[in-house]
Amino acid sequence: MSETRVCIVGAGAIGGFIGTRLAAAGRARVSALARGATLAALREHGWRLRMGGQLIQAHAIASDEPAALGPQDLVIIAVKGQALGEVAARIAPLLAPHTRVLPAMNGVPWWFGAAVPALADAPLDSVDPGGRIARAIPLAQVLGCVVHASTAQPEPGLVQHAMGQGLIVGEPAGGSSGRAQQTVDLLAHAGFEATLSTDIRSALWYKLWGNLTMNPVSALTGATIDRVLADPLVRDFCSAAMAEAQTIGARIACPIDQTPEDRHAVTARLGAFRTSMLQDADAGRPIELDAIVGAVREIGLRLAIPTPHVDALLGLTRLFGRVQGLYPEVLRATQPDTGIGLSTCSLPAVAGPECNISPSSKVRR
Ligand SMILES: NC(=O)C1=CN([C@@H]2O[C@H](COP(=O)(O)OP(=O)(O)OC[C@H]3O[C@@H](n4cnc5c(N)ncnc54)[C@H](OP(=O)(O)O)[C@@H]3O)[C@@H](O)[C@H]2O)C=CC1
Ligand SMILES: CC(C)(CO)C(=O)C(=O)O
């Protein structure tokens, strides 16, 4: 049986976590589309993952040129939401007609609305302004994915695992398929708790239900998750925003049959955890606000569902991002102002003036 060709686009904390384990498992030829220090580290040291007190290493095939890597069986995209537009424009050489594309990312994916009649008439402005991602990555080649894990990248090319190894995979329109099962089997063989969902959109919405408040509130305040949940006023604010997302979920066939307090109990198990958005803010990196909060506001607007707490959270965190240079102001697409910034500028490793981000900015709260 020929080796499955897999390319990791975005060899960071999550991409490196997945890439290292797939490469070490030996059932796939795993490459990475990487750049700068990450590319150099992969070429020098290969894949590296610290997990369970061990250092897992594997040979890495890495390039900053997609054409050098060629057509793949599976492309796993693990970039931050604001980088997706730029990445999608470059990955055509990785895509053959049979290639599966698996976005291992948080937030509302660009394809999410295509499966919802009330949203299918136009792309979500907050995550795919002008629809360029949808044009670059055919929906027929996409598999949905939810990441239930936490990892960090202490240095380029080295991943530190914190907790969890869950990956949920499913067809965007729901149901099951051979290609989804094949992807689950490959991930499971590499050691992940990989499962197939016949309703990946609901699984995405449930994950987002936690990220929607924990990530921005932690970035805004500098608080770890335990401290966010320990403050009664903040906890109640988060619950109110989550209730708004629950109302939206009911309208888009993503029902959540838990209370916000039930979800808080699950999230509290993370303890004094710094969310990926807080880690980004503290590191002076752009924050993933549009896919995690902006998209919820936009869907509420499109469905005429009031979201006052989500709106306040977006407004406060976006202003924080703007002041700290963590929320790139970009050209707005032709859509009317939905009150959402569009992070479509290219976000180089070393930010430039066009994105108004200073990598050396020390966040002041
Ligand atoms: N970390 C975590 O614990 C969790 C993260 N997630 C989600 O997973 C997704 C990825 O997050 P995470 O891995 O933490 O992010 P990281 O910032 O660690 O990794 C993103 C990677 O993408 C690379 N990248 C960005 N743009 C390009 C480009 N144009 N070409 C090549 N490489 C590029 C970055 O490289 P460079 O350094 O050169 O910019 C970086 O290596 C996000 O949606 C996040 O919310 C979900 C659950 C938990
Ligand atoms: C908080 C966590 C680990 C789980 O919700 C997460 O998804 C993130 O940090 O982005």
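Residue numbers start at 1 and run along the sequence shown. Quick caveat, the model's predicted, so the values are computed rather than measured.
For the atom pair H161 NE2 and M163 CE, the distance stands at 8.0 Å (nearest 0.5 Å). Between the CG atom of L186 and the CD1 atom of I18 there is a distance of 10.5 Å, given to the nearest 0.5 Å. To the nearest 0.5 Å, atom OG1 of residue T151 and atom CZ of residue F17 are 6.5 Å apart. Atom CD1 of I61 sits about 11.5 Å away from atom CD1 of I8, to the nearest 0.5 Å. Between the CG atom in N211 and the CD atom in E288 there is a gap of 8.5 Å [rounded to 0.5 Å]. In this structure, L313 CG and T317 OG1 are separated by 4.5 Å, a value rounded to the nearest 0.5 Å.
Ion pairing of R302 with D121 is present here, as a side-chain N (NZ or NE/NH1/NH2) and a carboxylate O approach within less than 4.0 Å. Residues R365 and D282 are paired through a salt bridge, judged by an N-O separation under 4.0 Å between the basic side chain and the carboxylate. Salt-bridge formation is detected for the pair R297/D311: a Lys NZ or Arg NE/NH1/NH2 atom is positioned less than 4.0 Å from an Asp or Glu carboxylate oxygen.
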Next on the checklist: For T195 and V169: C-alpha separation, side-chain torsions, deciding distance, then whether side chain to side chain contact (heavy atoms under 4.5 Å, CB included) applies.
Outcome noted: CA-CA 6 Å; T195 53; V169 176; over 6 Å; no
Item to check | Candidate pair L208 and N106, rule side chain to side chain contact (heavy atoms under 4.5 Å, CB included), full reasoning | outcome: CA-CA 7 Å; L208 175 69; N106 269 336; over 6 Å; no
Next on the checklist: If you apply the rule side chain to side chain contact (heavy atoms under 4.5 Å, CB included), what do you find for L124 with I299, and how did you get there?
Outcome noted: CA-CA 8 Å; L124 289 168; I299 294 173; 3.8 Å; yes
Item to check | Working for side chain to side chain contact (heavy atoms under 4.5 Å, CB included), residues T267 and V228 | outcome: CA-CA 11 Å; T267 303; V228 170; over 6 Å; no
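Among all heavy-atom pairs drawn from V6 and A28, the shortest one is CG2-CB, 3.8 Å. Closest approach of P123 and D128 over heavy atoms only: CB-O, 3.8 Å. The two residues H148 and V146 have their closest heavy-atom pair at NE2-CG1, 3.5 Å. For the residue pair L212 and A245, the shortest heavy atom distance occurs at CD2-CB, 3.7 Å. Nearest approach of G107 to L204, heavy atoms of both residues: O-CD2, 4.2 Å. Scanning all heavy atoms of the two residues, the minimum distance from C7 to L94 falls at SG-CD1, 4.0 Å.
Donor-acceptor pairing under 3.5 Å is lacking for the side chains of Q82 and Y327. Residues S177 and E171 have side chains that bring a donor and an acceptor to within less than 3.5 angstrom of each other. Side-chain polar atoms of T247 and R251 form no donor-acceptor pair below 3.5 angstrom.
In this structure, the side chains of I91 and I77 come closer than 4.5 Å at one or more pairs of heavy atoms. Side-chain contact between D185 and Q181 is present, with heavy atoms from C-beta onward closer than 4.5 Å.
No single ILVMFWY cluster, assembled from side-chain heavy atoms under 4.5 Å apart, contains both L84 and V147. Both V108 and I252 belong to a common hydrophobic cluster when Ile, Leu, Val, Met, Phe, Trp and Tyr are linked at side-chain heavy-atom distances under 4.5 angstrom. The hydrophobic clustering, which links ILVMFWY residues whose side-chain heavy atoms are closer than 4.5 Å, places M105 and V101 together.
For D280, the salt bridge (charged side-chain N to carboxylate O under 4.0 Å, His left out) criterion is met by K80, R285, not counting sequence neighbours. Under the rule for a salt bridge (charged side-chain N to carboxylate O under 4.0 Å, His left out), R269 has no partner lying at least two apart in sequence or in another chain.
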Show me the side-chain donor-acceptor pairs of residues 46-58 shorter than 3.5 Å, one per line, residues at least two apart or across chains.
unit_1: R48; atom_1: NH1; unit_2: E155; atom_2: OE2; d: 3.4
unit_1: R48; atom_1: NH2; unit_2: E155; atom_2: OE2; d: 3.3
unit_1: R48; atom_1: NH2; unit_2: P156; atom_2: O; d: 3.4

N/O donor-acceptor pairs under 3.5 Å from side chains in residues 237-244, not counting sequence neighbours:
unit_1: S239; atom_1: OG; unit_2: R235; atom_2: O; d: 3.0
unit_1: S239; atom_1: OG; unit_2: H264; atom_2: NE2; d: 2.9
unit_1: E244; atom_1: OE1; unit_2: H309; atom_2: N; d: 3.1
unit_1: E244; atom_1: OE1; unit_2: V310; atom_2: N; d: 3.0
unit_1: E244; atom_1: OE2; unit_2: H309; atom_2: N; d: 2.9
unit_1: E244; atom_1: OE2; unit_2: H309; atom_2: ND1; d: 2.6

Please list every donor-acceptor pair under 3.5 Å in which a side-chain atom of residues 216-226 meets a protein atom from a residue at least two apart or in another chain.
unit_1: S218; atom_1: OG; unit_2: M214; atom_2: O; d: 2.9
unit_1: S218; atom_1: OG; unit_2: N215; atom_2: O; d: 2.7
unit_1: S218; atom_1: OG; unit_2: T275; atom_2: OG1; d: 2.7
unit_1: T221; atom_1: OG1; unit_2: V217; atom_2: O; d: 2.7
unit_1: T221; atom_1: OG1; unit_2: A223; atom_2: N; d: 3.1
unit_1: T224; atom_1: OG1; unit_2: D226; atom_2: OD1; d: 2.4

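Counting only residues at least two apart or in different chains, salt bridge (Lys or Arg N to Asp or Glu O under 4.0 Å) contacts with residues 201-220 are absent.
Ring-plane geometry between W205 and F112 is classed as parallel, the angle between the planes falling under 30 degrees on a 0 to 90 degree scale with a further cut at 60.
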